[in-house]
Amino acid sequence: MRRLATIAALLCATTGWSQEWRHYGGDAGGSHYSAAAAINRDNVGQLDVAWVHRSGDADRPAELLRNSSGQATPILLPPAAGESLVYCTPFSEVIALDPGSGERRWSHDPQVNTASLRPFRCRGVAYYEETRVAQGADCRHRIFANTYDRRLLALDALSGERCADFGDSGEVSQYGREKAADQISNSSPPVVAGGLVINGSAVIDFRLAEAPRGTVQAFDSLTGELRWSFDPLQGKEGSGAANVWAPISVDESLGLVYLPTGTPSPDYYGVNRPEAIPYANSVVALALDSGEVRWHFQHVRHDLWDYDTPAQPILFEWQKDGASVPALAQPTKQGFIFVLDRRSGESLWEITEQPVPPSQIPGEKTAATQPKPIAPPPLLDPFLMPEQAWGLTPWDRGDCARQLAELDNLGLFTPLSEKLTLMFPGSLGGANWGGGAIAPGGGVLVLNVNTAPFAGRLVPNAQADAAADGKDHPTAGQRFLVPMKGTPYTVELGALVSPLGIPCNAPPWGKLMAVDLVAGQILWETALGSIHELGPFPLPFHIDWGTPNLGGGIATAGGLFFIAATMDRQLRAFDLASGETLWRYTLPVDATATPMTYTYRGRQYLVINAGGHFMFNREAGDYLYAFALPDQRRSQ
Amino acid sequence: MRHLTLFLFAFAIAAAADPLLVTDPDGKPITQAMVTRTPLDVPEADLSDDGYAPHGVTNISAVTVTRFTDVQGKVNIAADGNYFYRVRAQGYQDLYSDTAEGILQLAPMNREQYIASYPSNVWLSRLDFGGDRELKETFQLNCAFCHQQASPFMRNERTVAQWVSIIERMNTYGARMPTDDIRPVAELLQKEYRELRENPGTVPEPRRWETHLSSIEMTEWPIGDGFSQMHDFLLHPNGYVYVGDNLFDRIYEIDTDTGEYTVYKVPHAEDARLGGILGNRFTVFPKMYNYMGVHSFAYSKKDGNIFITPSMQQALLEFDIETKEFITHDMPGGLYPHTIRTDDADRVWFTMALSSQVAMFDRSSGEFTLYDLPARSIKEWLFFKALPLLFSLDPEDRPLPSPDRESTGLPMPYGIDVAPDGGVWVARLYANDLAHIDPDSGEVTMIDFPYSGPRRLRADADGNIWVVAFQVGLLVKYDPRNKTFSEYPLPVVNELPYALNVDRDRGVVWVNGNQSDTILSFDIASESWQLYPMPRQRFFTRDIEISEEDGAVYTSNSHFPTWQSESATPTLLRITPLEE
């Protein structure tokens, strides 16, 4: 009965929700939901390209483009702010488009230094109406954008010009600005609320024992002055990061800002950080106006697995037995969804403590237990035994079984040792930065999940190849070897695959799931992605065994869930109620971004940034695709 | 005498302080509130052998003491020193205090909290497996002998596929869920746990704690850690208690007077492998060191030496009580030495669970005698005959029959005891029968047991055999003279009794609880029960020892895995009557 009611709520949830898309995550709470319903289950099959915009990045040197990924989700500005569609390119250029035609209205290129090896990306920008500026004056309507090199820009939403009253001619330097981008950069957009622009950072946290700290800063949205900052390490030395690289959520009615914090550095070795760091790998709620900690919920203690909090905390109303609780859902890389009362941080599902295998690394002391919610169920089963090895043929299946049998493999939270160790889920998740979509009323979260296994080990520095120095996480089929400077080890990571390059577990290797957060159960799950382009030559038909995926999806009142994210260049529409694929479109390159939708002049559009992804070793691009139903207005 | 000294000492400490009064917020006294005293100052232990005490090293345990308030809501438990006190009562939120004097007020739980606090057995009682009683018993037999079912860890929402994966993994650990039952059980667990979470109000209240509790004291000695499994133990006439860590091949010799414990590491052959001759079944268990598999204990009435069954080897261990050295007696055959007892003739008797035998080690001759218990079918007989061949193969290459509901090939002799007349009694868990061995003639007599799951048994002073029927939750008495069975339902719902012991002097049967966080006593004369709630949740007991001197009762928390227990540490526990 609850299931029927939930599905009905999914399909009928329209009232009071916006058809606009003013925030990166749809709204300030990351719901990834739109009340737009013109495109629905009955007509989605007619969806077609409305316009295509290209940023021009394809004209950049090939090595730069290959080292980039278009991951942006545009926002639609309100009419008073020019009603432009605004997004950022991997090279931090901010571009405003006509939402009906895709024509460029203005752009601003901050001219970032591209000498760094760190991959280029930018997931979005933020909009704010600055009421301290007179109506009609420049920069009453502002766009805030991060740059690759740790600047925060304030631009006039109507013209794209810099706001002269903000910082130094429209920009401020953020924490770590003086460091190279291959130590600290940005990926997610800032959030703006209560006259403050709040920002985290993207830190390479596996390469240095003392990486840059994960300091979060709040700047005055008018002047750019620093109002408060928050150090998740609370002054502890010997480590760094615990940074907030995933999007931040805000509940202005409660006066709280919710930070998804990451792992202290380095990711896979913790001897240098033996003390508890309670604000790392946590959701930390700060007072919006002061930055003071109101509560925190730590979902991984003494992280040795790179289980950052990867996704925007998703705010929703938990409705059960006639009561409504302001709640927060936090998907995690390790495959759990924690559901919290966002006023207090208390879990709405009972938490049990799971054991953690001890480390074999000298001096490493793992946490005794790790928290696990009693519900919803894990997004994937983290046990993978030799007898569960999978292969296309007995030969590669046997090879996978052999590999699995030789691994250190004690289930979830097995720390890396000097022996190759199973990482399942690996640092890709489980869930990742695509987050999830939740329709109002029902409490059903739809999200994409990675299910391919990884393996890694710690190599004593004396035995490691001194020349090896991976720049980021491993690309498809590669092993990644990075010295963790300041520690005795180099970390080696890679996907666990057969000699044919196929993951060693049974498909799907990526999936889409609908999780009822209130009932604590999975409503449906389905493979996400086809492998038909991943072999030595592309096949003319789809094989829906799922693929690794990055980027997220959105839900609409039309009963649809739109997502790309896969390694097959597809943008898909699923039936929210059943998980059935209703429509798909082949893009020129993979779209590892989250789509968005809006209604402009009576017509609903669906927009996706297709830019490939360096990690998947697939072709890069500079596309922004808009889709719509045939324009009935023109034909009438 | 040692215990008496300790009791007087403890009593003196408590009597010197004002009694603590425990009340509700309105000032109404709460009776049978459980108050536990835990020391804050404990010397740092030497755990330098991979997190455990090295061989021969003595550490001090953080000994806790628990008492219950009387009908006036009062209890004497305060002691000099640095302690914290936890106050727990049914329906109230735990309260922690650094003092146990004056008045402590407990806040009531809300309904949700109260139901969540119920022990596992009442939750388990609501799983009816779609009305399939036999399937539920199969589930309980195979899934509840290591850990509590229906605890919060088990009530986790899981998909059917996740349940299947777990059950299949548990079958590699030692469960024998029949292949055909795996998926139906997975589907029912997924469905019925969800129904319970959505309708917790249907879960019955657990039995209330009763007034006899204010006249006892519980003492606990935490030993090992969350990865340990304290299996059986022995109260030795020398006053020490010897506890075996089944997963780490260690014997803990506990001085209950001082809290000191010395650890003796059981040696193994140089070429022994983890998991012994059975192979390592726990490939994904986080941490272990069980080359021998310390299981069950008995002492020689002649010289006090301790005999230990190492389940993972074809051997019997002897621990010299004076030199503290281990002697390994290699056996000529038989597999899985299990429960062990000694008789007055200095013979050592133990079951061989896998090869369906009973072994007798005659200390005077140093010879082993193996008694074959009958196969239930030709197929089973053939399987027994093939065992030596099978065990000549590497564990990874060893073919084993798929489990079925009859557990064909594995009748599993389990519990054993020596009756006052010297007769040896054995229960076969999966075969639902009892065996009697005449030690003089060697004659083996089989007796059908009319209930499911006879696990461990004990003889009383009159020669009656008391048996726990595991998956049907019964205490059963067999009168060998009249060849009659009498059943005594346990006073708590859905308890699955693992073992028992008989206080022959006082005519009391003590039954191990493992799902209800209790142990239970049954007065033979009055046929009445009393319950003793354990101080930690998810307390799974497997063995009981009784002090002849004062009737003090010992048990241990043997939950596997231990980390699911409250505080995640195994403990030895003693219940002692308080002096008036």
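Because the structure is predicted, anything quoted here is derived from the model rather than measured.
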Side chain, backbone, both or neither: which part of [X] has an atom under 4.5 Å from a heavy atom of chain B?
| X | value |
| --- | --- |
| Gln354(A) | both |
| Glu353(A) | backbone |
| Ile351(A) | neither |

(message) Only pairs of heavy atoms separated by less than 4.5 Å count here; which of Ala368(A), Pro373(A), Pro378(A), Pro376(A) has the most with chain B?
(response) Pro378(A)
(message) If you count heavy-atom pairs within less than 4.5 Å of chain B, which of Asp321(A), Ile374(A), Thr352(A) leads?
(response) Ile374(A)
Using 30° and 60° as the class boundaries, would you call the ring planes of [X] and [Y] parallel, tilted or perpendicular?
| X | Y | result |
| --- | --- | --- |
| Trp305(A) | Tyr307(A) | parallel |
| Tyr96(B) | Phe84(B) | tilted |
| Trp545(A) | Trp509(A) | perpendicular |

(message) Heavy-atom pairs under 4.5 Å with chain A - which of Arg158(B), Arg169(B), Met154(B) has more of them than the others?
(response) Arg169(B)
(message) As a test of understanding, state which of Lys372(A), Lys333(A), Gln334(A) forms a side chain to side chain donor-acceptor pair (under 3.5 Å) with His299(A).
(response) Gln334(A)
(request) Could you tell me whether Lys265(B) sits above the aromatic face of Tyr289(B), with NZ or CZ closer than 6.0 angstrom to the six-membered ring centre and within 45 degrees of the axis? (result) yes
